[in-house]
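Counting convention: from 1, in listed order, for ligands and their atoms alike. Every value quoted in this text rests on a predicted model; they were computed, and no experiment measured them.
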Amino acid sequence: MSHKTTVLLIEDEKSICRFITTSLENGEYRVVTASTGAEGLSLAASLCPDVILLDLGLPDMDGMDIIKQIRTWSQKPIIVISARVKEQDKVMALDLGADDYITKPFGTGELMARIRTSLRHTHNKTAASAKIYRAEGLVIDYEKHMVTLDGAEIHLTQIEFKLLSLLSKNAGKVLTYSFIMEHIWGPYIDSNNQILRVNMANIRRKIEANPAQPRYVFTEIGVGYRMLEDENDK
Ligand code: CA
């Protein structure tokens, strides 16, 4: 008997539950659903699911509080599925410890990709992390400290290399501005994103054929950046 990845879906809308359950059960997943926050928290503790899909608008609790509570004892991936599209909600959910978010309505392909990405990042925390990032002609060799694009070396500053490494090691996942700022410049950096935007513009000038339509590093407006998935992981 093969082990199926268990997905806990905390969602009160029946039609969404049906859609997600049907989509995922055709794949390699077992889906367990909870229609209230309290039920969701209790199942999260008793089932130890591999991934949690969480709606923010639940009848008894705010999803943000569920993220906070789960993060006190579990690092399993949480993907927010929500009709709330306000940028500050996305940022808050991510900064509280959600791994990603997906905005309703969404398709099966997008949902599966987000689940795959979040599972990969959990595994990478324990396994030896990759030494090379590779996607569509862009190669980042972390040990050699080298970036090449279609075989030609790209010269980056220290900060630019650190930034691109952080994004590529989390490829497929959105990183918030404040998360990136803290990781690169430390916790005492002021919250103005100017320095980050300048560095990102420089990176794009060096690696993107058309910086206005990036292939590698995408802007999630008002939230942060997301880098193209690593081909090794697809
Ligand atoms: Ca709801």
Within the 3.0 Å cut-off the protein N, O or S neighbours of the Ca ion (ligand 1) are Asp12 OD1, Asp55 OD2, Gly57 O
Is it the case that the side chains of Glu220 and Tyr101 hold a donor-acceptor pair, with the cut-off being a distance below 3.5 Å and no angle test? yes
Applying salt bridge (Lys or Arg N to Asp or Glu O under 4.0 Å) to Arg30 and not counting sequence neighbours gives none
Sequence neighbours left out, what pairs pass side chain to side chain donor-acceptor pair (under 3.5 Å) with at least one residue falling in residues 194-207? Glu160-Lys206, Gln194-Arg197, Asn202-Arg205, Arg204-Thr219
When you check the gap from the basic side-chain N to the acidic O, do Glu208 and Arg215 get nearer than 4.0 Å? no
Please list, chain by chain and in numerical order, all residues satisfying salt bridge (Lys or Arg N to Asp or Glu O under 4.0 Å) with Asp65, sequence neighbours excluded. Lys68
Out of the candidates Val31, Ile78, Ile10, Leu24, only one should pair with Leu53 under the side-chain contact (heavy atoms from CB on, under 4.5 Å) rule; please name it. Leu24
